[in-house]
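Here the structure is laid out as structure tokens; the discussion comes afterwards.
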Amino acid sequence: MSEGGVAVYCGKTQQGKTTLALKHMREDIERDGRPSLICDLGPAKNFIHMAHEASVKDVLHKLYGKGLHSVYTPKGEEDFDNLMNGIAGRDDINGPGGIHVLMDEVRWVASSHKISNALTRALRHWAHGFEGPVTYRCTSQRPGDLHRDFYACRTMPLYAFCTDPGPDQDRLVTEFRFDAEKLSKLQVGEYLTHAA
């Protein structure tokens, strides 16, 4: 699958985006054995049964101190930024990297009009961790309102699930040349891809 980078999974709700992203992350883990973080931004029913860490400090200790998988729901923008800084570093120093991250419903932390410096840096510096690259697998119901940095930093496919006519489908058709009729008729679990 991936040696690091950014993949985007988008389309309307309950179409299988998170299921596919999780499957791909598990394949990444099987391939290289690196720990993973599920950043449960919703929080989502997919991860409700999983134990969640209590703080960013706990997440970073579990990932980098113990080399174990972690699940976390940030407690706000500053908390999310601290998490991204802990993985990717800050402007003056690269972070450890070397993990797989599934960010479910990234729309909670980034829109077309707003994205934090910490998240932008994390996406742009996926290859620069001193423990190796980071793989970001990002899901969103709103491809039309997802910040351009997700698309600009994409090094892996864009997976487009069923998307109804409107601004979200318009973006997928205009920028990525998906067929509008095909996007509208995809069934649950079906998707189209656009190579990076």
Side-chain angles (χ1 to χ4, degrees), residues 1-2 4-30 34-56 58-60 62-63 68-88 97 99-112 114-116 118-120 122-123 126 134-151 153-163 168 171-172 186 188-191 193:
M1 289 293 312
S2 164
V6 179
V8 175
Y9 303 73
C10 60
K12 65 184 191 178
T13 187
Q14 300 301 305
Q15 296 300 302
K17 299 178 303 291
T18 302
T19 301
L20 183 63
L22 188 58
K23 176 184 180 282
H24 287 167
M25 186 172 77
R26 287 181 175 144
E27 291 168 357
D28 292 337
I29 294 164
E30 285 179 27
R34 294 187 290 156
S36 68
L37 167 64
I38 294 173
C39 194
D40 186 13
L41 297 165
K45 71 177 184 178
N46 308 59
F47 311 116
I48 207 119
H49 66 283
M50 297 179 180
H52 286 53
E53 272 46 78
S55 69
V56 169
D58 293 343
V59 170
L60 297 176
K62 195 166 183 183
L63 291 170
L68 299 173
H69 306 294
S70 183
V71 181
Y72 186 63
T73 299
K75 295 163 182 60
E77 291 177 21
E78 185 177 344
D79 197 48
F80 177 78
D81 286 352
N82 288 335
L83 178 61
M84 291 296 100
N85 288 336
I87 294 167
I99 63 170
H100 302 288
V101 179
L102 190 159
M103 284 193 277
D104 192 44
E105 289 305 337
V106 294
R107 176 64 178 79
W108 288 104
V109 294
S111 71
S112 62
K114 181 181 178 186
I115 188 170
S116 71
L119 181 52
T120 292
L123 294 172
W126 65 266
V134 177
T135 305
Y136 292 101
R137 298 193 176 278
C138 308
T139 73
S140 179
Q141 293 178 25
R142 299 294 318 276
D145 195 31
L146 192 56
H147 198 277
R148 290 194 170 278
D149 282 356
F150 286 96
Y151 299 112
C153 297
R154 196 170 56 86
T155 59
M156 298 185 291
L158 166 64
Y159 299 89
F161 289 75
C162 184
T163 307
D168 295 317
R171 186 174 200 179
L172 294 174
L186 291 168
V188 173
E190 295 179 337
Y191 56 89
T193 59

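For the numbers below, each heavy atom of this structure counts, side chains included, while hydrogens, waters and symmetry mates do not. In what follows, residues are counted from 1 in the order of the sequence shown. Only a predicted model underlies this, so the values are computations on that prediction, with no experimental measurement involved.
For K17 (side chain) and G11 (main-chain N/O), a donor-acceptor pair under 3.5 Å exists by modelled atom type. Judged by distance alone, the side chain of R137 and the main-chain N or O of A21 form no donor-acceptor pair under 3.5 Å. Looking at R34, its side chain never comes within 3.5 Å of a backbone N or O of T135 through a donor-acceptor pair. A donor-acceptor pair under 3.5 Å is formed between the side chain of T163 and the backbone N or O of F161. At least one donor-acceptor pair under 3.5 Å links the side chain of K75 to the backbone N or O of A54.
For the residue pair T120/D149, the side-chain donor-acceptor check at 3.5 Å is satisfied. There is no side-chain donor-acceptor pair under 3.5 Å between D145 and S111. With 3.5 Å as the limit, one finds a donor-acceptor pair spanning the side chains of S116 and D81.
The CZ atom of F47 sits 6.0 Å away from atom CG of D40, with the distance rounded to the nearest 0.5 Å. Atom CG in L37 sits 12.5 Å away from atom CG in L68 (nearest 0.5 Å). Atom CD of E105 sits about 6.0 Å away from atom OG1 of T18, to the nearest 0.5 Å. For the atom pair SG of C10 and OH of Y159, the computed distance is 11.5 Å after rounding to the nearest 0.5 Å. Taking CD1 from I99 and NE2 from H69, the interatomic distance works out to 11.0 Å, rounded to the nearest 0.5 Å. Considering CG of L63 and CD of E53, their distance stands at 8.0 Å, rounded to 0.5 Å.
Heavy atoms only, all atoms of each residue included: G5 and W126 are closest at N-CE3, 3.1 Å. Heavy atoms only, all atoms of each residue included: V71 and M50 are closest at CG2-SD, 3.9 Å. In terms of heavy atoms, F150 sits closest to A110 at CE1-CB, 3.5 Å. For the pair D79 and P74, the tightest heavy-atom approach, listed with the atom from each and the gap, is OD2-CA, 3.4 Å. Here the closest heavy-atom approach between residue C39 and residue L83 is recorded as SG-CD2, 3.9 Å. In this structure, P143 and Y151 approach most closely via the heavy-atom pair O-OH, 2.9 Å.
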Intermediate values then yes/no, side-chain contact (heavy atoms from CB on, under 4.5 Å), H147 and L119: CA-CA 11 Å; H147 198 277; L119 181 52; over 6 Å; no
Evaluation steps, side-chain contact (heavy atoms from CB on, under 4.5 Å), between L146 and R142: CA-CA 6 Å; L146 192 56; R142 299 294 318 276; over 6 Å; no
side-chain contact (heavy atoms from CB on, under 4.5 Å) evaluation trace for K62 with Y72: CA-CA 11 Å; K62 195 166 183 183; Y72 186 63; over 6 Å; no
Full working for salt bridge (Lys or Arg N to Asp or Glu O under 4.0 Å) between K23 and E27: CA-CA 6 Å; K23 176 184 180 282; E27 291 168 357; 2.7 Å; yes
Trace of the side-chain contact (heavy atoms from CB on, under 4.5 Å) decision for V106 with V8: CA-CA 10 Å; V106 294; V8 175; over 6 Å; no
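A side-chain hydrogen bond (donor to acceptor under 3.5 Å, both in side chains) with D104 holds for exactly one of T73, N46, T139; it is T139.
Residue E190 qualifies as enclosed at atom CD: its count of foreign heavy atoms under 6.0 Å is above 12.
Every residue meeting the side chain to side chain contact (heavy atoms under 4.5 Å, CB included) condition with A122, not counting sequence neighbours, appears here in chain and number order: M84, A88, Y136. Scanning for side chain to side chain contact (heavy atoms under 4.5 Å, CB included) contacts around Q14 gives K45, with sequence neighbours left out.
Among pairs with a residue in residues 7-16, those fulfilling salt bridge (charged side-chain N to carboxylate O under 4.0 Å, His left out) read K12-D164, at least two apart in sequence or across chains.
Looking only at side-chain heavy atoms (C-beta outward), L172 and L158 come within less than 4.5 Å of each other.
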